Amino acid sequence: MAKKRFLYSVFVFIVILAIAGVGWSRFITESSHSDLVSDGINNAQTKSPLLLIKRLRASESCENTYGFLPCTTTVVGNLFLIIVYGYLMFLAASYLSDGSELLLAILGPGLIGGLFLPILGALPDAMLILVSGLSGSKETAQSQVLVGMGLLAGSTVMLLTLLWGSCVVVGSGISTDIWTSYAARIMVISVIPFIIVQLPQILHSSSGRHLAVLIAFIVSVALLISYCLYQVFQPWIQQRRLEYAKHKHVISGILKYLKKHSLGKLLKDDGEPNEDIIKRLFKQIDADKDGHLSIPELRALIIGIELEEIDLNRDDAAEKLMKDFDQSNDNLLNEEEFVEGIKKWLYEAKRSTDYVPFSGSHTLRYIDGFHKQARQEHILLGDASDDVIEGVENPKWTSIKAVLMLLLGTAIAAAFADPLVDAVQNFSSATSIPSFFISFIALPLATNSSEAVSALIFASRKKKKTASLTFSEIYGAATMNNILCLSVFLALVYVRHLTWDFSAEVLVILIVCIVMGLFASFRTTFPLWTCSVAFVLYPFSLVLVYVLDYVFGWS
């Protein structure tokens, strides 16, 4: 309710500013002219100042966005407008985020969670980038497009530095699953279009720049489609890999059990499986002595192994074990099938642990290594089976609410993206601060604040699963910036025949993405000290752009 009241107040204030901006009044004068009246009021009509925001008495003028929204040429006035429009963009991002979560709770992952919602998450940034180069003449667009590049670079850098490091701090160190490492690697791959579009500058060629923009746009769109397809199928891929890891863990437990009951003679001296011992163990497991192992007997075996370190459905595990070993598809295991199945997994254990055969009881040491490896693989993949899945109350109304929030967020983002860009450009003119730096610092706070707050809350829970989700979303958001937002930017540059001259900005994006991406690609544990790597990269990025552009004149 408080948010609604504040939003209402903001809209009322904007309306008052708009009305005041087109009003007329008389002003007090100290000079004595022949037309001075007795009350000292000049009858000449002039436009009044916008409330407390005093316009500059200069030849400069500003143009009202949409013909009625307020504008000003003063520093304070434009700062105020940036705050107001930035807050509205923050609201748009919040509505899109909240609506997405509601829709995801109802429809689940897959097409909605993998394709629709990631695009919506990047929509505010994409809107701002689009309007930064869409309106005005080519010269105006070339100037304003710096705002879009500042947002693109600033959003990616903020996510991977300030937010990344803050999550490590509030989590007092972070551990993630292997899927987070995959998300980091995908983000590194997503910088390929930046490299392509920079090739003419790297090769000092001016003739192929327009073609390079087109090729980079095509590659960026192809990566966007590929990423969305991956996100659509990723839940099923993750579930299948997790199921296989559980099955592998069960098999490794069975091998340890057989090793224990074979007195170290499961292998011959030459390292080959000892079939006689395996057959003897089969007879021990065959409780009813009918020459076959049934699913209840396999379930009893799994229970006897006591695999308590993983969450396991024993009925499901017994069925998967039967399916893996049963060659005749009669839902029974005879002695030969059991022997061949155990031999297959013994060979698999050898390959997985770099087995080097040597004689003696130590020939079975690799089974312990295989068991530890299977357990670690299961841990790295993460397990969502302990999550409590709650049903959504009144799904019809929740669906309507989600759609309305998504529509409202989209409408706000579309309506106020253009005035926000104009305010940034006017603030840049009033302060002589390059618009790139203003948009680099300020705009990501508006478009990514809701995601940042959510990420910090999840990271503060200090659980592996929530940390994995947080960091995966950070890398996913950076990936969408690198492909969706860049696709919009490249389309603008190509269609409007703008000049691609952003070498320093692209270099910053490449450095941050590659460093933070590779840093998380080959490790899943991030101690507290790792936040310093992320925090240092943020000021480094700003200083690098300034030095390259304004000292060495790259752009």
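Every value quoted in this text rests on a predicted model; they were computed, and no experiment measured them.
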Distance from [X] atom [atom1] to [Y] atom [atom2], nearest 0.5 Å?
X	Y	atom1	atom2	result
Tyr87	Ile412	OH	CD1	9.5 Å
Leu542	Tyr546	CG	OH	12.5 Å
Asn426	Leu79	CG	CG	12.5 Å
Ile119	Leu96	CD1	CG	12.5 Å

- Should we count CZ of Phe552 as having more than 12 external heavy atoms under 6.0 Å? no
So which atom in [X] and which in [Y] form the shortest heavy-atom distance, rounded to 0.1 Å?
X	Y	answer
Met480	Leu224	CE-CD1, 3.9 Å
Leu162	Phe535	O-CE2, 3.6 Å
Tyr66	Ala415	OH-O, 2.6 Å

- Task: On the 0 to 90° scale, with breaks at 30° and 60°, tag the Phe440-Phe436 ring pair as parallel, tilted or perpendicular.
- Result: tilted
- Does the side-chain contact (heavy atoms from CB on, under 4.5 Å) test come out yes or no for Leu443 and Tyr85, once each step is laid out? CA-CA 10 Å; Leu443 295 191; Tyr85 294 140; over 6 Å; no
- Query: Among all residues two or more places apart in sequence or in another chain, which pass the side-chain hydrogen bond (donor to acceptor under 3.5 Å, both in side chains) test with Ser207?
  - Reply: Ser205
- Set of side-chain hydrogen bond (donor to acceptor under 3.5 Å, both in side chains) partners for Ser472, sequence neighbours left out: Thr180
Treating [X] as the side-chain partner and [Y] as the backbone partner, does any N or O pair qualify as donor plus acceptor under 3.5 Å?
X	Y	value
Thr176	Ser468	no
Lys464	Asp177	no
Glu505	Val545	no
Ser460	Ile457	yes
Thr72	Thr74	yes
Ser132	Ile129	yes
Ser429	Gln425	yes
Ser155	Leu152	no
Thr410	Leu406	yes
Ser220	Ala216	no

Side chains of [X] and [Y], donor plus acceptor under 3.5 Å:
X	Y	answer
Ser143	Thr140	no
Trp164	Tyr475	yes
Asp125	Thr447	yes

- Is Arg496 close enough and on-axis enough to Tyr494, meaning under 6.0 Å and within 45°, for cation-pi? no
- Task: Verify side-chain contact (heavy atoms from CB on, under 4.5 Å) between Leu160 and Cys513, making sure each step is shown before the conclusion.
- Result: CA-CA 7 Å; Leu160 297 176; Cys513 287; 3.9 Å; yes
- Looking at Phe489 versus Phe502, is the centre-to-centre ring distance below 6.0 Å? yes
- Task: Evaluate the side-chain contact (heavy atoms from CB on, under 4.5 Å) criterion for residues Ser181 and Thr524: first the C-alpha distance (whole Å), next the side-chain angles of each, then the deciding distance (0.1 Å), finally the verdict.
- Result: CA-CA 7 Å; Ser181 297; Thr524 56; 3.7 Å; yes
- Can you run down the side-chain hydrogen bond (donor to acceptor under 3.5 Å, both in side chains) pairs that involve residues 188-202, sequence neighbours left out, and say none if there aren't any? Ser190-Asn482, Gln198-Trp500, Gln198-Ser503
- Verdict with reasoning, Ile438 to Val424, per side-chain contact (heavy atoms from CB on, under 4.5 Å): CA-CA 7 Å; Ile438 300 171; Val424 170; 3.9 Å; yes
